[in-house]
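A short worksheet on the structure shown next.
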Amino acid sequence: MSRNERSNSQQQPVRGAKQDKRTRIPDDRAQRTRDRLGNAFVELIHEKPIESVTVQNVLDRASVGRSTFYLHFRDKNDLLLSQLEKFLEMMSTTLIVRKEASHRVAPVAEMFAHIDNQRDLYSIHAGAGRLNDFFDLAQGCFARGIEHRLRESKRVPKIPHRELAARASAMAGSLLSLLRWWLDRGAKEPPAEMDELFHRMVWNGLQ
């Protein structure tokens, strides 16, 4: 290999690294814009009814142009669903991301505590008739997260793939029913206690 060929081969990864960095910049910038719009929307629905919040209100609060908004979202409802999905994906994968070495299949205590702290936001969604959107998204997110944790667990007996997926979906439904029950009764029990209750239900059902 000539000196020039060696020089070119050594320089190639550097150019590739620079190119990767350049391609990541628009993604990072887009995410920051989405975060600004989402944060502005959440602030606004704490200040007035969600039906009264307009796209222009969000744009003004986030200091983002209208054309930029429509590059990311179709409308206000799309922005709302995006925020809900972002929260649910983060929450349903918490145990997976931090590689928790426990027999828990869902971060029940963490989610219940978070929702309890954001009770006014829950009430806003309930008052606007948007809770079905939340629970529909949550069902899918937690079913996937629970199935992943069950596959990793050494406590689970050998169960066919399809049956395990069905059980995970049923467990996600039970979790959300438990959440509704807990909130409707005024969230009297500590989140940690609800976590223990849910996981007793899970493992008793798998025995």
(request) Just do the side chain to side chain contact (heavy atoms under 4.5 Å, CB included) check on Phe142 and Leu137 with the steps written out, would you? (result) CA-CA 9 Å; Phe142 278 99; Leu137 288 170; over 6 Å; no
(message) Would Thr68 and His72 count as a side chain to side chain contact (heavy atoms under 4.5 Å, CB included) here? Give the steps.
(response) CA-CA 7 Å; Thr68 300; His72 299 279; 4.1 Å; yes
(request) Go through the steps to decide whether Asn57 and Lys48 satisfy the test side chain to side chain contact (heavy atoms under 4.5 Å, CB included), and finish with yes or no. (result) CA-CA 11 Å; Asn57 294 151; Lys48 56 184 178 179; 3.0 Å; yes
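In plain terms, the two heavy atoms of Arg167 and Gly205 that are nearest each other are NH1-O, 3.4 Å. Residues Ile45 and Ile50 approach most closely at CG2-CG1, 3.7 Å, considering heavy atoms. Between Ala109 and Pro191 the shortest heavy-atom distance is O-CB, 3.4 Å. Scanning all heavy atoms of the two residues, the minimum distance from Val58 to Leu79 falls at CG1-CD2, 4.1 Å. Nearest approach of Arg61 to Glu43, heavy atoms of both residues: NH1-OE1, 3.0 Å. The two atoms that bring Cys141 and Leu88 nearest to each other are SG-CB, 3.9 Å, heavy atoms only.
Remark: Arg162 CZ is loosely packed, at most 12 non-hydrogen atoms of other residues, nucleotides or ligands lying under 6.0 Å away. Heavy-atom contacts from other residues, nucleotides or ligands closer than 6.0 Å to CZ of Arg185 number more than 12.
Not one N or O on the side chain of His103 forms a donor-acceptor pair closer than 3.5 Å with the backbone of Ser153. A donor-acceptor contact shorter than 3.5 Å is absent between the side chain of Ser63 and the backbone of Leu59. With Ser82 contributing its side chain and Asp78 its backbone, the two residues share no donor-acceptor pair below 3.5 Å. A donor-acceptor contact shorter than 3.5 Å is absent between the side chain of Arg149 and the backbone of Ala106. No side-chain donor-acceptor contact under 3.5 Å links Ser169 to the backbone of Ala165.
Both Leu164 and Val105 are part of a single hydrophobic cluster, where members link through side-chain heavy atoms under 4.5 Å apart. Hydrophobic clustering, with ILVMFWY side chains joined whenever heavy atoms are under 4.5 angstrom apart, groups Trp181 together with Leu131. Leu175 and Ile96 fall into different hydrophobic clusters, where Ile, Leu, Val, Met, Phe, Trp and Tyr are joined by side-chain heavy atoms under 4.5 Å apart, directly or via other members. Placement of Met91 and Leu95 in two distinct hydrophobic clusters is found when ILVMFWY residues are connected by side-chain heavy-atom separations under 4.5 Å, directly or transitively.
Under 3.5 Å, the side chains of Thr54 and Gln56 contain no donor-acceptor pair of N or O atoms. Between the side chains of Gln31 and Asp27, no donor-acceptor pair is found at a separation under 3.5 Å.
The distance from atom CG of Leu176 to atom CD of Gln139, rounded to the nearest 0.5 Å, is 6.0 Å. Here the CE-CD1 distance, from Met171 to Ile146, works out to 7.0 Å after rounding to the nearest 0.5 Å. From Asn117, atom CG reaches atom CZ of Arg119 across 9.0 Å, with rounding to the nearest 0.5 Å. The CZ atom of Arg74 sits 10.5 Å away from atom CZ of Phe69, with the distance rounded to the nearest 0.5 Å. Taken from NE2 in His46 to CD in Gln118, the straight-line distance is 5.5 Å, to the nearest 0.5 Å. Atoms CZ and CG, on Arg36 and Asn39 in that order, are 10.0 Å from each other to the nearest 0.5 Å.
Met201 is listed as a side-chain neighbour of Leu197, based on a closest heavy-atom distance under 4.5 Å. Between Glu147 and His161 there is a side-chain heavy-atom pair separated by less than 4.5 Å. You'll find the side chain of Val55 stays beyond 4.5 Å of the side chain of Phe73, heavy atoms only. Ile115 has its side chain within reach of Phe134: a pair of non-hydrogen atoms, C-beta onward, lies under 4.5 Å apart. Side-chain contact between Asn77 and Asp133 is absent, with no heavy-atom pair separated by less than 4.5 Å.
Partner of Asp195 under the side-chain contact (heavy atoms from CB on, under 4.5 Å) criterion, out of Met111, Glu110, Arg200: Glu110 alone.
Using cut-offs of 30° and 60° for the angle between ring planes, the Phe112 and Trp182 rings count as tilted.
Applying the side-chain contact (heavy atoms from CB on, under 4.5 Å) rule to Leu71 yields no partners; only residues at least two apart in sequence or on another chain are considered.
Between Arg144 and Glu89 a salt bridge is recorded (basic side-chain N to carboxylate O distance below 4.0 Å).
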